[in-house]
Amino acid sequence: MRPAPAQALRGSLVPWYRSVARDLPWRQDPSPWAVLVSETMLQQTRVDTVVPYFHRFLDRFPDAAACAAASEDEVLGLWQGLGYYRRARFLHAAAKAAQAGFPETVQGLRALPGVGAYTAGAVASIAFGIPAAAVDGNVERVICRVDGFGDDPRRAAGRRHLQARVEAIQDASVASEVTQGLMELGATVCSPQRPDCGACPWRAVCVARHTDRIEALPNLPARKKPVAVQGTAVVVMRGEQVLLARRPPGLLGGLWEPPWQPDPAGETAGVAALLAARVGLPATQDLHPLGQVVHVFTHRRLTLTVWGMAVSTDVPTPVAPGFYEAMAWCPRGVPGVALSKLAHRILGVVGDGESG
DNA sequence: AAATCGTGGAG
DNA sequence: TCTCCAAGATT
């Protein structure tokens, strides 16, 4: 069995998409800015998770100019809890870059910060009707299966193959429908496990289905498990205020949190006092253990021992030591800065102690 | 090429 | 509880 002609795939895909397309918020107003925001938020993130963030973000920033005029802290504030926070900083930078004129070509879009091959193709096709390929995880899976493509689609040769195949399926008259139809098919029918082949517009021509390789494709390398890391956090209270620190670019970059650090070589003893001293706080004999927090990132499984400490109200704001960009005393209830889920969990340990 | 970078839902 | 992994980009 040979792969189906691109024209035949397009011909059955587009009518199918028009008949089943979900009513998603970014499909109501496919303006370039709204599409860029949605595509950025949707990177490695589920639709159901993104929807409320998308509404809040576009409500505050209806266009790129509004976002460009805002502070990075405010943009991060609208992103808190969504993860992969670098996306928010990139989007903010892209909004500023777009003040010179929103790019209307694949090349121009690709030059925006945080916009890679997929996002450039998605915005070009959905917002501008350009017949560009947008190969995300859904499209990768759908194409590998319909073609019975057994190579690793993430390697350079595989990526080129998928890119060319989708470009062949594309057409200027239905560019948006092809891009969204391919993703809709992967998201709602051709799922990673137990795909609903009976509902697939391509069931008659799917090579994987006819050779019983549906579950085996796409042929992806096994992913690695997160590495276990131990660390120590310090929650310093000054009356009703808690000490928060702003992280540098990288992990949770730009977000605020109670200070923490990985334990050096598995040593836990004295790390809390060391951390407090580094932050420039007075006598640390008040330090007491409050509990533990476990937080799993994509590549790290972090177990933090949380210590508590109270200082008098005349203690000034500590000087940010090396790692952190800044420190501040913030109201514990409504800090007013962007916090990660990890930070919330650390602060939650204090709440648990008080209520229990 | 391989690491890095969050979070939560589903099975 | 454990595994998988989701509309990726960058270095």
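Labels below follow one simple rule: chain letters A, B, ... track the order of the sequence lines, proteins then strands, and each chain is numbered from 1.
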In whole angstrom, give me the gap between the P atoms of C:dT3 and B:dG6.
22 Å
Does OP1 or OP2 of B:dG6 have a side-chain N or O of A:Arg345 closer than 4.0 Å?
no
I need the minimum non-hydrogen distance between A:Ser38 and A:Phe54, along with the two atoms involved.
CB-CE1, 3.8 Å
With a 4.0 Å cut-off on heavy atoms, is A:Gly186 in touch with a base, just the backbone sugar-phosphate, or nothing at all?
nothing
Would you indicate what A:Arg301 reaches in the nucleic acid, counting non-hydrogen atoms under 4.0 angstrom: base, sugar-phosphate, or nothing?
nothing
Tell me what A:Ala134 touches on the nucleic acid: a base, only sugar-phosphate, or nothing, going by heavy atoms under 4.0 Å.
nothing
Taking only the side-chain nitrogens and oxygens of A:His299, find out if one of them lies under 4.0 Å from OP1 or OP2 of B:dT4.
no
Integer angstrom distance from the P of C:dA7 to that of B:dC5:
23 Å
Looking at A:Thr45 and C:dG8, is any side-chain donor or acceptor paired with a base atom of the opposite kind under 3.5 Å?
no
Please work out if A:Ser340 contacts a base, only the sugar-phosphate, or nothing of the nucleic acid, heavy-atom cut-off 4.0 Å.
sugar-phosphate
Quick one: does any side-chain atom of A:Asp286 pair with a main-chain N or O of A:Met309 as donor and acceptor, under 3.5 Å?
no
Between A:Arg89 (CZ) and B:dG6 (P), how many Å, whole number?
10 Å
Selection from B:dA1, C:dA9, B:dG6 that lies nearest to any side-chain heavy atom of A:Arg155
B:dA1
Nearest of B:dT7, C:dA6, C:dA9 to any side-chain atom of A:Phe297?
B:dT7
With sugar-phosphate meaning primed atoms plus P, OP1 and OP2, does A:Gln193 contact a base, only sugar-phosphate, or nothing at under 4.0 Å between heavy atoms?
sugar-phosphate
Taking the six-membered ring of A:Phe90 (Phe, Tyr or Trp), confirm whether the NZ or CZ of A:Arg87 is under 6.0 Å from its centre and within 45° of its axis.
no
If only side-chain N and O atoms of A:Gln44 are considered, is one of them under 4.0 Å from the OP1 or OP2 phosphate oxygen of C:dA6?
no
When the distance from NZ of A:Lys225 to C1' of B:dA2 is rounded to whole Å, what number comes out?
20 Å
As a quick check of understanding, evaluate side chain to side chain donor-acceptor pair (under 3.5 Å) for A:Tyr118 and A:Glu39, giving each step before the final call.
CA-CA 9 Å; A:Tyr118 162 75; A:Glu39 294 301 339; 2.4 Å; yes
For the residue pair A:Tyr53 and A:Leu78, establish whether any side-chain heavy-atom pair is separated by less than 4.5 Å.
no
Are A:Thr303 and A:Val294 packed together at the side-chain level, in the sense that at least one heavy-atom pair is separated by less than 4.5 angstrom?
yes
When you measure from the side chain of A:Trp26, which nucleotide among C:dC5, C:dG8, C:dA7 comes out closest?
C:dA7
Nucleotide B:dG6, atom C1' - distance to CG of A:Leu255 in whole Å
10 Å
Distance in angstrom units between A:Gln43 CD and C:dT10 P, rounded:
8 Å
Atom CG of A:Leu302 to atom C1' of B:dT4: distance rounded to whole Å?
15 Å
Whole Å only: how far is the CG atom of A:Leu339 from the C1' atom of B:dT7?
15 Å
A:Glu140 has an atom CD; how far is it from atom C1' of C:dG8, in whole Å?
11 Å
Does any donor-acceptor pair link the side chain of A:Thr298 with the base of B:dG6 at a separation under 3.5 Å?
yes
Heavy atoms of other groups near A:Arg22 CZ, more than 12 under 6.0 Å:
yes
With heavy atoms under 4.0 Å as the rule, sort A:Leu185 into base, sugar-phosphate or nothing.
nothing
Establish, with yes or no, whether the OP1 or OP2 oxygen of B:dG6 is under 4.0 angstrom from a side-chain nitrogen or oxygen of A:Gln80.
no
Are any of A:Tyr84's side-chain N or O atoms less than 4.0 Å away from OP1 or OP2 of C:dT10?
no
Can you measure A:Arg159 atom CZ to B:dA1 atom C1' for me and round it to whole angstrom units?
9 Å
Could you say whether A:Gly250 or A:Arg194 is positioned toward the 5' end of DNA chain B, judged by the nucleotide with the nearest heavy atom to each?
A:Gly250
For A:Arg60, look at atom CZ and say whether over 12 heavy atoms of other residues, nucleotides or ligands are found less than 6.0 Å away.
yes
Check the phosphate of B:dG6 against A:His295, side-chain N and O only, distance under 4.0 Å to OP1 or OP2. Yes or no?
no
Please determine, for the side chain of A:Pro192, which listed nucleotide (C:dA6, B:dT7, C:dT10) has the closest atom?
C:dA6
Please pick, from C:dA7, B:dG9, C:dT10, the nucleotide with the shortest atom-to-atom distance to any side-chain atom of A:Arg46.
B:dG9
Mind checking A:Arg247 for me? I need base, sugar-phosphate or nothing, with any heavy atom below 4.0 Å counting as a touch.
nothing
Which nucleotide, C:dA7, B:dG8, C:dT10, lies nearest any side-chain atom of A:Lys341?
B:dG8
Measuring to OP1 and OP2 of C:dA9, would you say a side-chain N or O of A:Thr119 lies under 4.0 angstrom away?
yes
Of the listed nucleotides (C:dA7, B:dT7, C:dC5), which one gets closest to any side-chain atom of A:Leu252?
B:dT7
Would you kindly compare A:Val115 and A:Asn138 by the position of their nearest DNA chain C nucleotide and give the one closer to the 5′ end?
A:Asn138
A:Phe90 side-chain proximity, nearest of B:dC5, C:dT10, C:dA7:
C:dT10
